[in-house]
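This report concerns only the one structure given below.
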Amino acid sequence: MCIPPPNVTGSLHIGHALTVAIQDALVRWHRMRGDQVLWVPGSDHAGIATQAVVEKQLWKERGVRRHELNREDFLREVWKWKEEKGGEICGQLRALGASLDWDRECFTMDAGATVAVTEAFVRLHKAGLLYRDRQLVNWSCALRSAISDIEVESRSLPGRTELRLPGCPAPVSFGLLISVAFPVDGEPDTEVVVGTTRPETLPGDVAVAVHPDDARYTHLHGRQLRHPLTGQLLPLITDSAVQPHVGTGAVKVTPAHSLADAELGARHGLNSLSVIAEDGTMTSLCGDWLQGLHRFVAREKIMSALRERGLFRGLQNHPMVLRICSRSGDVVEYLLKSQWFVRTREMGDRAAQAVQSGALELSPSFHQKNWQHWFSHIGDWCVSRQLWWGHRIPAYLVVEDPVKGDREDCWVVGRTEAEAREAAAELTGRPGAELTLERDPDVLDTWFSSALFPFSALGWPQETSDFTRFYPLSLLETGSDLLLFWVGRMVMLGTQLTGQLPFSKVLLHSMVRDRQGRKMSKSLGNVLDPRDIITGVELQVLQEKLRDGNLDPEELAIAAAAQKNDFPHGIPECGTDALRFALCSHGALGGDLHLSVSEVLSSRHFCNKIWNALRFILNVLGKKFVPRPAEELSPSFPMDAWILSRLARTAHECERGFLTRELSLVAHALHHFWLHNLCDVYLEASKPVLSHSPCPPGPPQVLFSCADVGLRLLAPLMPFLAEELWQRLPHRPGGPPAPSISVAPYPSAQSLEHWHQPELEQHFSRVQEAVQVLRALRASYQLTKARPRVLLQSSEPGEQGLFEAFLEPLGTLGHCGAVGFLPQGAAAPSGWVQATLNDTTQIYMELQGLVDPQTHLPLLASRRLKLQKQLDNLEARTPSEGEAETQRQQRLSSLQLELSKLDRAVSHLRQLMDMSPNPRES
């Protein structure tokens with residue numbers, strides 16, 4: 001496997017921790033099964049983010065802008081920053097216990113990755129799948145670079161909304177529809193009104209379009225309109241893509257700044273006017289009055305001009321979706337740029353077919369629909385980025401005279417400049433030494449190199465490994481869109497370049513949200529460093545981390561307040577194993593995962609329970625204990641047989657969970673065995689047997705097997721605790737022990753099948769039901785120290801035999817004295833309380849002389865009054881619907897049952913009023 005390469009600029013949060021917990025658990029399980037395992041660590045160079053961080057640092061420390069340095073000097077600063085600050089993620093991964101092959105650690109700007117990226121670019125270009133063209137691209141004016149679709153955040157606005165944008169002096173209003181009149185040429189009193197949410201693009205309008213069947217405009221077909229700002233003539237065109245029922249049914253056409261308008265313009269042969277520059281200012285095509293103004297400042301000036309000319313026709317709230325750059329927070333523009341593009345249709349079809357045919361398995365399967373949808377709507381991929389940090393595009397412009405008869409730029413591609421020069425010589429028919437080549441200053445999209453990560457990490461193109469031996473688990477926390485984007489790119493490039501799928505499985509886990517169901521966000525103050533949960537942190541330190549971030553003052557205040565509310569006393573130390581176990585305990589392959597620190601703290605208490613159990617077991621075993629081979633262990637006591645059967649069942653459930661990659665099944669099985677089977681039942685029931693002198697040889701051997709097998713089952717999820725405790729166990733004879741639990745054999749269900757006794761487990765479940773009844777009776781009559789005698793009476797002969805094997809454990813677990821049988825048909829003894837276990841079995845518990853009715857009756861009366869009040873309040877509520885009503889009815893039933901028990905207890909105590917003059921306990 002390879003780790004999904006996190007950005008070198010960032011630090012891991014809880015979502016990443018879930019990724020690591022799942023991957024590491026699977027890796028450790030495979031390793032313990034004897035499989036050869038390679039888990040490759042690495043990080044992504046994060047072109048945009050890293051360059052932005054270093055630019056900020058240069059300005060803060062030296063007052064220097066990037067363009068004041070040459071490219072080489074700036075890149076030296078970036079590499080220096082990477083060496084100094086880029087190792088935080090590795091430290092986090094180690095803290096999380098990730099058993100990665102650190103000798104193979106990769107970085108997407110390493111020499112090997114650079115070779116792979118260059119080779120991929122050259123091969124794709126040679127195959128005709130990579131080309132250069134002038135097309136509309138997503139453009140971030142703040143970054144002055146093209147960005148990918150996945151870096152565009154669609155923000156829904158209900159209506160008028162003010163936003164602060166980078167580089168803009170004042171807040172900008174969005175969610176407004178502005179109506180503008182376009183006068184009909186030659187008819188002074190006739191106009192066509194169009195609505196727009198982006199009036200700043202008006203200078204780029206080249207036409208107005210209406211639907212051909214819209215009767216409102218039939219008489220104007222073929223007429224000319226006057227541009228409301230310049231007065232130039234624009235055609236009124238008809239196109240069936242126009243929606244006549246939206247707005248006025250007339251739309252302005254701006255091909256240089258809208259995808260839909262570009263398609264419409266191409267159909268009608270319209271020119272494109274680029275009126276917004278790379279930096280977000282207005283271009284010279286807008287005229288002197290607008291040139292150089294920030295586009296949203298120009299918006300207000302355009303609005304004023306429309307009012308002055310009497311062509312402004314109103315403004316109204318308008319719900320809309322605004323495209324925001326997730327990297328900079330700026331509004332994303334469509335700009336016409338000459339860029340490099342990858343043709344994706346053919347590769348996308350192969351990727352879709354791979355899932356459809358079953359060659360590529362997506363888990364959970366519901367992601368298949370998203371996968372097919374994504375590839376059915378995929379467009380060509382713009383891979384050019386206007387940055388300095390990244391893989392420089394291996395393409396060269398031939399500066400000399402272009403190819404005869406072709407006035408367009410002449411570009412060649414090569415692994416080296418020498419190779420590119422040869423290609424240029426062949427293309428131009430001139431000697432290569434006479435040609436001047438200029439390398440493209442742009443770099444490749446970071447997603448290009450990260451999509452190649454599984455291949456370059458394993459040595460491609462030098463090594464041509466069978467990549468299907470590995471299955472990189474694309475486990476990202478940020479949801480299926482980003483997952484499908486990265487995995488989809490990997491599959492497309494992998495199948496094209498290597499002729500095979502990069503992996504046969506993909507595993508997609510849920511997004512981690514906080515306990516309130518909110519997405520993790522710095523501005524909400526709920527993003528947590530896993531190390532803060534592992535080691536604990538004070539509130540003051542959490543608040544300092546917020547202040548050291550890049551939040552604006554308003555966001556900082558909100559985040560700090562939320563953080564103080566969520567963690568008023570900071571975060572307690574929970575430990576790595578507790579965090580990993582809590583994360584794996586959730587059904588991570590379904591809906592979003594809501595995690596709270598209290599859950600992790602609960603897992604820490606579970607760790608403490610295991611620690612104390614092993615301390616007890618080691619004390620029982622002593623220093624001279626010699627374990628017997630597991631296959632020779634034959635339990636002589638029913639309780640021993642029961643716990644070994646439960647252990648075998650747990651191994652089976654763990655195996656099933658790992659095979660289906662449902663780690664929550666593994667976690668729940670282990671939690672139930674250690675806490676509810678071993679600690680709560682077997683250890684408690686065995687204490688009387690273990691106190692015998694001499695101690696029977698069977699129970700210590702069973703305890704050792706429970707500890708040994710239980711810790712090995714636990715090791716993939718809780719590696720630190722399991723290792724520490726397993727090393728303290730005595731070694732089995734017959735060969736050297738494994739040096740670490742991480743390479744000890746993982747217990748298989750088949751190897752423990754001889755211990756599995758389902759019928760015995762079913763019998764003991766009846767005993768456990770009796771234990772619960774006895775404990776409930778003790779609680780009802782507030783018996784704290786007394787150990788009352790117990791009698792069982794059954795109308796079924798076989799029922800008595802079932803309990804006979806477990807009389808001593810029943811008394812021990814029920815905190816009672818001697819347990820015996822009352823013959824069928826015999827009268828209940830006087831002074832004993834009766835409870836029904838089932839249709840065939842009654843339980844009698846001694847009360848005479850153990851309870852003082854005069855003391856307990858007032859307490860029960862007070863308790864009954866409180867319960868009755870709760871019941872009355874609940875019944876008085878207006879019935880609701882759905883889940884809330886179901887919960888209300890369940891609570892009503894619970895209160896009524898509790899009242900019934902209290903009434904029976906009161907009745908029994910009153911019967912004892914004259915029978916207990918000298919109680920042994922009050």
Side-chain angles (χ1 to χ4, degrees), residues 47-49 51-52 55-56 59 65-68 134-149 151-155 157 161-176 178 196-206 229 252 254-259 261-262 272-306 320-339 382 384-389 441-443 445 550 552:
I48 293 174
Q51 182 162 309
E55 285 192 73
K56 287 180 181 178
W59 177 251
R65 298 292 186 189
R66 169 168 62 102
H67 290 284
E68 296 176 42
R134 188 166 183 259
Q135 296 183 23
L136 285 180
V137 298
N138 296 317
W139 188 268
S140 171
C141 298
L143 299 173
R144 299 194 187 187
S145 175
I147 59 175
S148 66
D149 291 338
E151 289 157 341
V152 178
E153 173 189 320
S154 295
R155 188 176 301 178
L157 305 180
T161 305
E162 288 197 345
L163 299 176
R164 290 189 175 274
L165 301 174
C168 197
V172 183
S173 295
F174 294 92
L176 295 172
I178 294 93
T196 179
T197 59
R198 297 294 306 274
E200 62 273 16
T201 63
L202 274 169
D205 291 349
V206 296
L229 295 178
K252 67 189 200 68
T254 321
H257 299 290
S258 163
L259 279 180
D261 290 3
S272 297
L273 299 178
S274 295
V275 295
I276 297 177
E278 292 181 355
D279 62 355
T281 61
M282 306 303 285
T283 68
S284 59
L285 294 177
C286 303
D288 294 340
W289 69 296
L290 292 176
Q291 183 181 359
L293 287 178
H294 190 286
R295 63 197 188 282
F296 295 123
V297 173
R299 171 190 284 192
E300 298 305 319
K301 202 166 184 179
I302 289 171
M303 298 272 285
S304 297
L306 291 172
M320 64 177 291
V321 175
L322 190 64
R323 292 162 20 96
I324 300 290
C325 172
S326 64
R327 301 294 187 185
S328 66
D330 198 5
V331 172
V332 176
E333 300 291 346
Y334 282 116
L335 296 190
L336 269 174
K337 306 293 293 183
S338 292
Q339 309 276 274
C382 173
S384 296
R385 296 294 179 268
Q386 290 62 47
L387 306 169
W388 283 356
W389 174 242
D442 292 348
V443 300
D445 180 9
N550 57 358
D552 64 42

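As a basis for the values below, the full set of heavy atoms in this structure was taken, side chains included, without hydrogen atoms, waters or symmetry mates.
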### Summary
Given the options Glu278, Gln135, Gln386, Lys337 meets side-chain hydrogen bond (donor to acceptor under 3.5 Å, both in side chains) only with Glu278
### Message
Let me confirm one number: the CD1-OG distance from Ile147 to Ser326, rounded to the nearest 0.5 Å.
### Response
6.5 Å
## Note on the structure
Heavy-atom nearest pair, Pro166 first then Asp330, reads CG-CB, 3.7 Å
### Task
Taking all non-hydrogen atoms of both residues into account, name the closest pair between Phe174 and Leu157 and its distance.
CB-CD1, 3.6 Å
### Query
If you measure from CZ on Arg323 to CG on Asp149, what distance do you get to the nearest 0.5 Å?
7.5 Å
### Message
Please find the pair of heavy atoms, one from Cys325 and one from Leu143, that lie closest to each other, and give the distance.
### Response
SG-CD1, 4.0 Å
### Asn138 side chain reached by Glu151 side chain, heavy atoms, under 4.5 Å
no
### Query
How close do Pro203 and Pro199 get, heavy atom to heavy atom, and via which atoms?
CD-O, 4.2 Å
### Message
For a side chain to side chain contact (heavy atoms under 4.5 Å, CB included) check, start with the C-alpha distance between Arg299 and Ile302, then their side-chain angles and the critical distance, and finish with the verdict.
### Response
CA-CA 5 Å; Arg299 171 190 284 192; Ile302 289 171; 5.8 Å; no
### Query
Within the distance-only criterion (no hydrogens, no angle test), does the side chain of His294 pair as donor or acceptor with the backbone N or O of Thr281 below 3.5 angstrom?
no
#### Entry: Donor-acceptor under 3.5 Å (Glu200 side chain, Ala298 main chain)
no
### Query
CD1 of Ile276 to CG of Leu336: how many Å apart, nearest 0.5 Å?
11.5 Å
### Message
Taking Arg66 first and then Glu55, would you say they form a salt bridge - that is, a charged N and a carboxylate O separated by under 4.0 Å?
### Response
yes
### Query
Between Glu333 (side chain) and Gly280 (backbone), is there a donor-acceptor pair under 3.5 Å?
no
### Asp442 (side chain) donor-acceptor with Ser384 (main chain) under 3.5 angstrom
no
### N/O donor-acceptor pair under 3.5 Å between Arg385 side chain and Ala146 backbone
yes
### Task
With Val172 as reference, evaluate Val331, Val297, Leu163, Leu165 under the side chain to side chain contact (heavy atoms under 4.5 Å, CB included) test and give the passing residue.
Leu165
### Query
In Å, rounded to the nearest 0.5 Å, how long is the span from CG of Leu273 to OG1 of Thr254?
9.0 Å
### Query
Given Thr197 and Leu176, is the side chain to side chain contact (heavy atoms under 4.5 Å, CB included) satisfied, shown in steps?
CA-CA 6 Å; Thr197 59; Leu176 295 172; over 6 Å; no
### Query
At their closest point, which heavy atom of Pro255 faces which heavy atom of Ala262, and how far apart are they?
O-CB, 3.5 Å
### Query
Has the side chain of Ser140 got a donor or acceptor atom that lies under 3.5 Å from a matching backbone atom of Ser145?
no
### Heavy-atom pair of closest approach, residues Trp388 and His67
CZ2-ND1, 4.0 Å
### Message
Is the shortest side-chain heavy-atom distance between Asp261 and Tyr334 below 4.5 Å?
### Response
no
## Note on the structure
In this structure, CD of Glu300 is separated from CG of Leu293 (nearest 0.5 Å) by 11.5 Å
#### Entry: Steps toward side chain to side chain contact (heavy atoms under 4.5 Å, CB included) verdict (Leu306, Leu229)
CA-CA 7 Å; Leu306 291 172; Leu229 295 178; 4.0 Å; yes
### Message
Nearest 0.5 angstrom please: Leu285 CG to Leu290 CG, how far?
### Response
11.5 Å
### Message
Are Trp139 and His257 an aromatic pair, judged by ring center distance below 6.0 Å?
### Response
no
### Message
In the structure I gave you, are the side-chain heavy atoms of Met282 and Arg295 within less than 4.5 Å of one another anywhere?
### Response
yes
### Message
Check whether Trp289 reaches the backbone of Cys286 with its side chain - one donor and one acceptor, N or O, closer than 3.5 Å.
### Response
yes
